[in-house]
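Notes to accompany the following structure.
Here the structure is a predicted model, which means the values were calculated and not measured. Excluded from the calculations below are hydrogen atoms, water molecules and symmetry mates; all remaining heavy atoms, backbone and side chain alike, are included.
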Amino acid sequence: MAETNNGSHMGTPTPSEATKTATNKAVPMAQSRISSHSVKTTQAAARHVGKHGRNRRRRSSRHVPVIAFVVVALAVVGAFGYWMTHQVLDTDNGPTIQAGLEVYVNVPEGAGGSEISEILLDAGVISDSAEFFKEVRNQDAETSMKSGSYVFITGGNVREVVRQLVEGPNSMADVFTIPEGYNVTQTAQAVEEALEIPVDDFLAQAKASNYVNDYPFLADAVEAGDSLEGFLFPKTYDMGGLNKTADSVIRTMLNQYQAEISGYDYSAARADIQERYGIEMSDYDFLIMASIIEKEAFSGDDWVNVSSTFYNRMSIWMPIQSDATMGYITGGAVTPDDLEQESPYNTYLNYGLTPTPICNPSIKSIDAALHPADTNYYYFLIVEEGGYSYHAFSETYEQHLEAINKVDSETA
């Protein structure tokens, strides 16, 4: 249980294990042939019959039907067994592909019907492009098939294939999740696990200066240390059909961040915070505040109340005193000794916000930073441990001490 004089909860998210699936490549089956030895044996038998005339034919007349029956029976049984275990598809006169295989395909962004058909044929998902196009017309799906990663069964129902393409990707092959509150390093680790992009490559690319020309909202981040901390929006991403590089992944995340905040009026929020607390906030300051809220809030109204507490403290020139900001430096638990160490991220020793965000916050934390609750709270204590839950927001230090004593007695 982590406690501070204002009370907070701490915790560094553990990256979830990204699911990776290997692509099953459909292997063309070799067509059966009569061996050269069988051909020579047949030719030798014919010559032998021709040489010895009717006597040889009469002597063998009683055995030929039996032998022929056995040969035919064995051929039928063999062929049936081969079909049962190696049923093949002839894809538009292309390579024969075993049916019933689970295969993964990527439909690239912007792919049209012809390109999709070719991809599906090559993978053995369909065997007839004409049948595919007919079903696309039947479902009026010419413009509604979606890009992304799919898992299909070779030789499957064409109607179901088209239906799935309209419904959207169903494969987790190139899907990864960035949990709320991950920092840039944790994000790089999650990307490596899911897409095999090395952590070092991702971190080397994750510089605000690499993207500020395309994303002007990064200007303050360039000046603050050139980090993309805070801007890599937490979400589940599907990179199926896309070029999977550190640059493409980062741009996808920045696009998502831009889309998520597009509905917010930052000018109105700045004016509100100035009027209520006498504090000037930039767009970047709001993101920093949101990242600290993300690490402190847990459930219910925590987000807006934590936000209000921090603004209230800043308005009277009181340090916000968040363990989480030093946790960004230590990479884990924060000890009393850590809180005595000088650092721009030590919000016990320094007034105001940290130089940069300390994680990539959720939209709920961003919203709370822009729209804090209207309270007189200056302290809070949030404890979530081993099934025990206690959330208290206090207006006075005495009330805060009572909350601490209550937790101590209940967890002794």
Side-chain angles (χ1 to χ4, degrees), residues 6 8 180-184 206-209 211-212 215-234 253-254 257-297 302-329 343-375 377-378 380:
N6 70 304
S8 65
E180 297 166 347
Y182 265 27
N183 59 35
V184 169
K207 306 295 182 185
S209 55
Y211 299 97
V212 67
Y215 304 93
F217 55 78
L218 295 174
D220 286 346
V222 174
E223 299 299 323
D226 205 22
S227 171
L228 288 178
E229 194 73 81
F231 295 99
L232 303 179
F233 195 80
M253 292 179 173
L254 292 176
Y257 173 84
Q258 190 170 40
E260 294 285 343
I261 67 168
S262 63
Y264 286 102
D265 188 339
Y266 277 75
S267 296
R270 272 193 297 273
D272 179 58
I273 298 301
Q274 175 68 45
E275 180 180 353
R276 292 168 60 184
Y277 304 100
I279 300 171
E280 293 184 2
M281 296 285 287
S282 67
D283 290 5
Y284 193 52
D285 288 334
F286 279 124
L287 185 61
I288 294 171
M289 176 65 86
S291 73
I292 302 174
I293 295 169
E294 182 68 43
K295 286 297 190 179
E296 297 286 5
D302 285 355
W303 283 267
V304 292
N305 286 335
V306 168
S307 179
S308 177
T309 301
F310 287 154
Y311 280 120
N312 285 336
R313 287 188 165 205
M314 290 172 65
S315 71
I316 63 170
W317 208 254
M318 179 181 179
I320 65 173
Q321 297 179 322
S322 168
D323 288 9
T325 59
M326 272 304 284
Y328 184 64
I329 299 301
S343 167
Y345 290 87
N346 188 336
T347 52
Y348 281 82
L349 301 182
N350 299 288
Y351 166 79
L353 300 171
T354 52
T356 70
I358 62 172
C359 69
N360 298 299
S362 64
I363 196 63
K364 191 167 186 176
S365 292
I366 293 173
D367 185 83
L370 294 167
H371 308 110
D374 187 8
T375 77
Y377 296 143
Y378 288 90
F380 65 84

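When only modelled atom types and interatomic distance are considered, T325 and T347 share a side-chain donor-acceptor pair under 3.5 Å. Residues S315 and N312 bring no donor and acceptor atom of their side chains to less than 3.5 Å of each other. Judged by distance alone, the side chains of Y284 and E223 never bring a donor and an acceptor atom under 3.5 Å apart. A donor atom on one side chain and an acceptor atom on the other are found under 3.5 Å apart for Y348 and D323.
Screening residues 263-277 for salt bridge (Lys or Arg N to Asp or Glu O under 4.0 Å) gives R270-D283, D272-R276 as the qualifying pairs, with residues at least two apart or on separate chains.
No donor-acceptor distance shorter than 3.5 angstrom exists from the side chain of N360 to the backbone of F233, with no hydrogens or angles considered. Not one N or O on the side chain of R313 forms a donor-acceptor pair closer than 3.5 Å with the backbone of M318. Panel note: side chain S307, backbone V304; no donor-acceptor pair is recorded below 3.5 Å. Not a single donor-acceptor pair under 3.5 Å links the side chain of E229 to the backbone N or O of P357.
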E180 vs K364, test: side chain to side chain contact (heavy atoms under 4.5 Å, CB included). Steps then yes/no.
CA-CA 10 Å; E180 297 166 347; K364 191 167 186 176; over 6 Å; no
Could you check K295 against C359 for side chain to side chain contact (heavy atoms under 4.5 Å, CB included), going step by step and ending with a plain yes or no?
CA-CA 8 Å; K295 286 297 190 179; C359 69; 4.0 Å; yes
Begin from the C-alpha positions of L218 and L254 and carry the test side chain to side chain contact (heavy atoms under 4.5 Å, CB included) through to its verdict.
CA-CA 10 Å; L218 295 174; L254 292 176; 4.3 Å; yes
Starting from the C-alpha separation in whole Å, work towards a yes-or-no answer on side chain to side chain contact (heavy atoms under 4.5 Å, CB included) for E296 and D302.
CA-CA 8 Å; E296 297 286 5; D302 285 355; over 6 Å; no
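Minimum heavy-atom separation, P344 to N350: CA-ND2, 4.3 Å. Residues P372 and S308 share a closest heavy-atom pair of CB-N, 3.8 Å. Residues G230 and P361 come closest through the heavy atom pair O-CD, 3.6 Å. Listed here is the closest heavy atom pair of P355 and A224: O-CB, 3.8 Å. The minimum heavy-atom distance between D220 and S282, with the atom names listed, is OD2-OG, 4.0 Å.
Here D367 pairs with Y264, H371 under the side chain to side chain contact (heavy atoms under 4.5 Å, CB included) rule; sequence neighbours left out. A search for ring pair (Phe, Tyr, Trp, His ring centres under 6.0 Å) contacts involving F217 returns Y215, F231, Y257, not counting sequence neighbours.
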